[in-house]
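All remarks here apply to the structure that follows.
Computation of the quantities below employed the complete heavy-atom set of this structure, encompassing side-chain atoms and omitting hydrogens, waters and symmetry-equivalent molecules. Worth saying up front: this structure is predicted, and the values here are computed from it rather than measured.
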Amino acid sequence: MLGRMTDRDPRADPRAPHLARLASLLADETRAACLLALLDGRAWTAGELARHAGVAASTLSEHLGKLVAGGLLAEERQGRHRYVRLADARVAQLVEDLAAQVSPGAVVRPRNLRAANAGSAMARGRTCYDHLAGRLGIALTDAMTVRGLLVQDTGFALTDAGLGWFDAVGIRLERTGRRALARGCLDWTERRPHLAGVAGAALCRHVLEVGWCVRVGSERAVKVTEVGERALWELLGVELPSG
């Protein structure tokens with residue numbers, strides 16, 4: 001009679017238990033809702049997330065504790081308020097990549113006109129953590145690729161012309177950390193990659209700071225302004241109607 005195995009096979013991948021723990025953190029609808037909400041790149045209070053997820057504050061607090069302990073969220077306290085945000089860009093990439101694997105047919109249709117309008121706005125243009133996504137993000141990525149500023153042949157990379165374009169526009173690229181200068185992020189509504197990484201974040205920050213795009217609603221949706229419509233046409237030949 002064979003005895004019960006208690007020792008791990010030494011040939012087993014040592015990352016397996018860590019991957020299992022990470023998967024268990026994501027395998028909860030409330031925690032998943034929180035992570036998706038935090039893709040807007042901003043810090044939320046526990047109360048805001050509880051209302052968004054539709055659970056009691058005490059329940060949400062327990063979930064946040066697990067996400068913080070698991071390294072997916074970073075926590076800050078200011079007075080009585082507890083704020084949380086995604087730990088870093090790698091967590092945002094993980095969440096967005098997983099969300100992109102959800103079949104379009106699995107998404108429940110909007111309950112009312114307001115929800116439908118919000119969904120349409122998100123599909124037109126939104127932030128994905130700290131870069132642009134939706135049809136807006138795809139249009140900018142395609143325009144940069146057509147003009148030889150960006151290549152996608154074997155992964156995303158800025159060309160010399162692309163680096164010069166960012167300098168000419170006045171967009172500074174911070175290249176001090178380990179984050180990739182440019183990478184593709186699979187867009188969950190368009191099912192194609194948009195520009196992320198240092199360059200994607202810098203471009204998103206710039207268009208918001210100079211008023212080429214503005215945030216709309218309380219979620220991640222953004223829209224192009226009239227000024228932005230003209231600027232993006234002149235710089236990249238992109239036709240993006242304002243409003």
Side-chain angles (χ1 to χ4, degrees), residues 15 17-78 81-108 110-111 115 118-119 121-123 125-134 137 177-180 183-191 193-197 200-201 204-205 215-222:
R15 297 171 298 177
H18 301 286
L19 179 59
R21 283 195 291 271
L22 174 61
S24 70
L25 285 174
L26 298 168
D28 178 272
E29 188 172 341
T30 297
R31 292 196 288 272
C34 292
L35 291 169
L36 287 168
L38 290 166
L39 278 176
D40 68 358
R42 294 178 282 189
W44 289 48
T45 67
E48 289 170 336
L49 282 173
R51 289 190 291 273
H52 177 81
V55 298
S58 57
T59 300
L60 195 281
S61 180
E62 181 180 346
H63 285 297
L64 292 184
K66 292 180 179 179
L67 291 171
V68 171
L72 296 181
L73 297 186
E75 180 182 32
E76 296 177 10
R77 290 187 180 272
Q78 292 186 9
H81 295 292
R82 177 192 189 189
Y83 291 88
V84 292
R85 57 164 52 90
L86 295 181
D88 53 35
R90 290 179 300 173
V91 175
Q93 180 183 349
L94 172 65
V95 175
E96 187 75 8
D97 286 349
L98 287 173
Q101 303 307 313
V102 178
S103 169
V107 179
V108 178
R111 297 187 301 271
M122 288 275 283
R126 64 182 181 277
T127 55
C128 172
Y129 187 53
D130 62 359
H131 54 273
L132 295 168
R178 294 185 299 173
R179 190 178 186 186
R183 71 168 183 84
C185 178
L186 183 60
D187 197 293
W188 63 265
T189 54
E190 299 304 302
R191 305 286 155 170
H194 54 246
L195 176 64
C204 178
R205 185 167 56 249
R215 294 185 182 274
V216 294
S218 59
E219 296 192 33
R220 294 186 281 145
V222 297

Next on the checklist: Would L35 and L73 count as a side chain to side chain contact (heavy atoms under 4.5 Å, CB included) here? Give the steps.
Outcome noted: CA-CA 8 Å; L35 291 169; L73 297 186; 3.9 Å; yes
Next on the checklist: Determine whether R215 and R42 satisfy the following criterion, side chain to side chain contact (heavy atoms under 4.5 Å, CB included), listing intermediate values before the conclusion.
Outcome noted: CA-CA 12 Å; R215 294 185 182 274; R42 294 178 282 189; 4.0 Å; yes
Checklist outcome for this item: Note: L25 and G70 closest approach over all heavy atoms is CD1-CA, 3.7 Å
Next on the checklist: Counting C-beta onward and ignoring hydrogens, is there a side-chain heavy-atom pair between E96 and L186 closer than 4.5 Å?
Outcome noted: no
Checklist outcome for this item: Closest heavy-atom pair, A46 versus L60, reported as atoms and distance to 0.1 Å, is O-CD1, 3.6 Å
Next on the checklist: Within this structure, what is the OG1-NE2 distance for the pair T30 and H63, rounded to the nearest 0.5 Å?
Outcome noted: 4.0 Å
Next on the checklist: Quick test of your reading of the model: are R126 and D187 salt-bridged, counting only N-O distances below 4.0 Å?
Outcome noted: yes
Checklist entry - Does the side chain of T45 reach to within under 4.5 Å of the side chain of R82, using non-hydrogen atoms? => result no
Item to check | H18 side chain to R15 side chain, donor-acceptor N/O pair below 3.5 angstrom | outcome: no
Checklist entry - Any ion pair linking E76 and R85 (charged N to carboxylate O, less than 4.0 Å)? => result yes
Next on the checklist: As a quick check of understanding, evaluate side chain to side chain contact (heavy atoms under 4.5 Å, CB included) for R90 and R179, giving each step before the final call.
Outcome noted: CA-CA 9 Å; R90 290 179 300 173; R179 190 178 186 186; over 6 Å; no
Checklist entry - Would you say the side chain of P193 lies within less than 4.5 Å of the side chain of C185, judging by non-hydrogen atoms? => result no
Item to check | By salt bridge (charged side-chain N to carboxylate O under 4.0 Å, His left out) - contacts of D97 (at least two apart) | outcome: none
Checklist entry - Between G134 and T189, which heavy-atom pair has the shortest distance, and what is it? => result CA-OG1, 4.0 Å
Next on the checklist: Quick check: closest heavy atoms across Y129 and L38, and the distance to 0.1 Å?
Outcome noted: CD1-O, 4.5 Å
Next on the checklist: Is the shortest side-chain heavy-atom distance between C204 and D130 below 4.5 Å?
Outcome noted: no
Next on the checklist: To check you understand the geometry: which heavy-atom pair defines the closest contact between V91 and G71, and what is its length?
Outcome noted: CG2-O, 4.1 Å
Next on the checklist: Please check this pair: side chain of S24 against backbone of R21, looking for a donor-acceptor N/O pair closer than 3.5 Å.
Outcome noted: yes
Next on the checklist: Using side-chain heavy atoms (C-beta onward) and a distance below 4.5 Å, is L39 in contact with L86?
Outcome noted: yes
Checklist entry - Does D88 pair with R178 as a salt bridge, N-O distance under 4.0 Å? => result no
Next on the checklist: Using 30° and 60° as the class boundaries, would you call the ring planes of H194 and H131 parallel, tilted or perpendicular?
Outcome noted: tilted
Item to check | Pair R31-L26, side chain to side chain contact (heavy atoms under 4.5 Å, CB included): steps then yes or no | outcome: CA-CA 7 Å; R31 292 196 288 272; L26 298 168; over 6 Å; no
